[in-house]
Undergrad: 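Input: one structure, supplied below.
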There are 2 protein chains.
Amino acid sequence: MDAHLLHSSQLENNSKRDCSACPIRHNAICSRCQPDELNALDQMKTYRMFEKGEAITHIGENMAYVGSLVSGVAAISKSLEDGRKQILGILLPSDFVGRPGHPVSTYDVVAETPVEMCRFPIASFEKLLNQSPALGPRLLEKTFDELDTAREWMLLLGRKTAREKLATFLHMLAIKMTRLHAMPIVADIQLELPLTRKVLSDYLGLTMETVSRQLSRLSKDGIISIKGQRQITIHDMSALLAETSDERSG
Amino acid sequence: MDAHLLHSSQLENNSKRDCSACPIRHNAICSRCQPDELNALDQMKTYRMFEKGEAITHIGENMAYVGSLVSGVAAISKSLEDGRKQILGILLPSDFVGRPGHPVSTYDVVAETPVEMCRFPIASFEKLLNQSPALGPRLLEKTFDELDTAREWMLLLGRKTAREKLATFLHMLAIKMTRLHAMPIVADIQLELPLTRKVLSDYLGLTMETVSRQLSRLSKDGIISIKGQRQITIHDMSALLAETSDERSG
DNA sequence: CGTGGGTTTGACTCAAGTCAACCGACGTGG
DNA sequence: CCACGTCGGTTGACTTGAGTCAAACCCACG
């Protein structure tokens with residue numbers, strides 16, 4: 001804890017990582033920026049680490065920063081008064097956090113693994129947003145993408161069975177992984193589950209136990225197999241797709 | 001009702017309604033436009049009526065237009081292969097339809113009442129979007145608002161009970177109505193349900209029967225009363241809020 | 001090798017879905 | 001003017017999928 005915090009503050013102090021070497025350079029909010037805009041962002045950026053389980057922001061907080069996730073995984077969530085929790089989105093590297101113009105956060109955002117963020121003071125960012133011709137359109141595009149993802153999930157949460165939810169999640173994860181690693185879609189895709197059963201259940205609107213049971217059933221049915229608690233192999237992508245009940249799969 | 005339809009089809013033929021007299025002028029995508037931009041929009045706009053039940057767009061369609069809803073109510077939805085349907089959002093006057101830059105629709109959008117739209121050819125609109133300093137930020141703001149709404153609904157769909165869902169819907173509707181009509185929040189708020197039980201069930205991720213039962217129960221519990229099938233009176237807003245289980249209500 | 005967090009599995013419960021009958025308002029046509 | 005059909009809504013009886021509670025399990029780690 002202390003060691004880690006020390007590490008973060010080191011990063012915070014010395015780091016002026018070169019944007020051109022940035023791993024999320026071509027996908028993040030800055031991806032369309034010309035050298036002059038990139039330079040302006042470079043001036044105002046600072047890096048910050050969040051450890052696993054740490055809150056990046058929480059409901060009602062007045063955010064001083066917006067920014068991009070550089071590495072790690074974070075979850076956006078909301079809860080009911082008795083603690084029932086729903087994960088509203090998973091943030092991956094290059095995803096944007098914060099809403100320019102609305103500094104008060106409407107969500108909890110928590111690091112699910114160690115997370116590194118590239119942050120901009122919200123006021124400075126808003127100012128640049130009003131001038132830059134590249135920043136606004138990119139943010140709009142990213143926001144539309146998030147809206148599409150959220151609505152896809154609404155269909156899952158409102159209308160899919162537990163088995164369909166798991167199948168959809170695994171299928172989506174497999175597609176993301178193969179795209180990311182530019183792998184061919186073949187038989188026996190190997191996945192490393194980045195989430196615990198509990199987190200997964202909060203993402204799918206289920207309980208831990210139901211997630212566990214449905215994974216077992218998919219395994220018994222030969223569609224996937226499970227090694228340990230995090231290694232999943234998909235044997236039959238088209239069978240998995242069929243289990244999602246999505247329109248396009250029929 | 002008939003008068004309204006007549007009025008609208010007249011509009012379709014002759015219409016070049018003056019933007020300054022437009023009922024959604026101060027809320028729609030154009031709300032921040034200066035006279036010159038407004039003029040450009042005015043040049044490219046056409047009005048179109050959709051009758052109740054008619055598709056405004058459907059999944060996979062290549063949209064020729066984007067635009068604003070001027071009057072009526074429409075529903076955005078997605079379905080599974082066996083017909084299970086989830087409503088992803090309700091469109092009210094001043095709401096925007098379409099995604100500039102992505103002409104292929106990812107949703108079904110259906111008129112739930114007679115709907116009037118103010119439409120812009122998508123290519124022309126995109127061009128203007130790149131030049132106008134007012135259009136982009138407003139669209140971004142509207143998209144963020146929709147994202148917030150969608151995520152609020154994800155919590156409802158994933159984690160709330162049937163009773164909580166109904167309470168949340170009624171509470172939200174009451175807030176909207178009182179805001180819209182600038183009414184004080186007092187006891188006995190009268191609502192006219194704009195949706196059938198079936199549509200409501202597709203919005204809340206329930207069946208028609210469950211919606212009906214929960215409304216009856218809320219009525220028996222004295223929180224609301226139901227006159228006919230569309231007139232609902234809320235007797236106790238704070239009791240209703242308590243039934244939502246939302247964080248802020250506790 | 002113990003200890004503990006994450007996970008699996010079983011037995012039971014219950015909220016919501018399914019299936020079906022019925023109700024009541026409305027519009028149409030004999 | 002009444003009979004009829006339709007459509008949306010309500011209610012009841014029954015079923016079921018997912019939740020709850022609890023015990024056992026399995027590595028991973030110190």
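Keep in mind that what you see is a predicted model, and the values were worked out from it rather than measured. In what follows, chains are A, B, ... by sequence order, proteins preceding strands, each numbered from 1.
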Undergrad: Taking donor-acceptor contacts at under 3.5 Å, does the side chain of Arg213(B) reach the base of dT18(C)?
TA: yes
Undergrad: Take atom CD of Gln214(A) and atom P of dA18(D), then tell me their distance rounded to the nearest Å.
TA: 6 Å
Undergrad: When the nearest nucleotide of DNA chain D is assigned to Ser212(B) and to Glu209(A) on a heavy-atom basis, which residue is associated with the more 5' position?
TA: Ser212(B)
Undergrad: Can Arg84(A) and Asp202(A) be counted as an ion pair, charged N to O under 4.0 angstrom?
TA: no
Undergrad: At under 4.0 Å between heavy atoms, what does Leu215(A) touch on the DNA or RNA strands: base, sugar-phosphate, or nothing?
TA: nothing
Undergrad: Would you write the dot-bracket representation of DNA chain D, where each base gets (, ), [, ], | or . depending on whether it forms a Watson-Crick or G-U pair under 3.5 Å and with which partner?
TA: ||||||||||||||||||||||||||||||
Undergrad: With no hydrogens and no angle check, just 3.5 Å: does a side-chain donor-acceptor pair link Ser219(B) and Ser216(B)?
TA: no
Undergrad: Under the salt bridge (charged side-chain N to carboxylate O under 4.0 Å, His left out) rule, what do Lys198(A) and Glu209(A) come out as? Steps first, then yes or no, please.
TA: CA-CA 9 Å; Lys198(A) 182 66 183 69; Glu209(A) 294 91 329; over 6 Å; no
Undergrad: Side-chain N or O of Thr207(A) less than 4.0 angstrom from OP1 or OP2 on dA18(D)?
TA: no
Undergrad: Over how many whole Å does the gap from Ile226(A) atom CD1 to dC25(D) atom C1' extend?
TA: 15 Å
Undergrad: Would you say Thr210(A) places a side-chain N or O within less than 4.0 Å of OP1 or OP2 belonging to dG19(D)?
TA: yes
Undergrad: Could Lys78(A) and Asp246(B) be called an ion pair, given the rule that one side-chain N must be under 4.0 Å from one carboxylate O?
TA: no
Undergrad: Distance check: side-chain N/O of Ser216(B) vs OP1/OP2 of dT11(D), anything under 4.0 Å?
TA: yes
Undergrad: Donor-acceptor pair under 3.5 Å: do we get one between Gln229(B)'s side chain and the base of dC7(D)?
TA: no
Undergrad: A cation-pi test, strictly: NZ or CZ of Arg119(B) under 6.0 Å from the centre of the six-membered ring of Tyr47(B) and no more than 45 degrees from its axis. Yes or no?
TA: no
Undergrad: After noting the C-alpha distance and the side-chain angles of Thr143(B) and Asp145(B), does the key distance pass the side chain to side chain donor-acceptor pair (under 3.5 Å) rule?
TA: CA-CA 5 Å; Thr143(B) 308; Asp145(B) 282 346; over 6 Å; no
Undergrad: Given 3.5 Å as the limit, does a donor-acceptor pair link the side chain of Trp153(B) with the main chain of Asp148(B), or not?
TA: no
Undergrad: For the pair Arg163(A) and Glu243(A), find out whether any cationic side-chain nitrogen is under 4.0 Å from an anionic carboxylate oxygen.
TA: yes
Undergrad: Would Ser245(A) and Glu164(A) count as a side chain to side chain donor-acceptor pair (under 3.5 Å) if you check the C-alpha gap in whole Å, the side-chain angles of each, and the deciding distance to 0.1 Å?
TA: CA-CA 7 Å; Ser245(A) 292; Glu164(A) 289 166 344; 2.6 Å; yes
Undergrad: Checking only heavy atoms, does the side chain of Arg197(A) share a donor-acceptor pair with the base of dT9(C) at less than 3.5 Å?
TA: no
Undergrad: Calculate the interatomic distance between Met208(A) atom CE and dT7(C) atom C1'; express it in whole Å.
TA: 6 Å
Undergrad: How many Å lie between CZ on Arg230(A) and C1' on dG5(C), as a whole number?
TA: 11 Å
Undergrad: Which parts of residues 154-165 of chain A get close to DNA chain D, meaning a heavy atom less than 4.0 angstrom away?
TA: Thr161(A), Ala162(A)
Undergrad: Could you tell me how far apart Leu200(B) (CG) and dT10(D) (C1') are, to the nearest whole angstrom?
TA: 15 Å
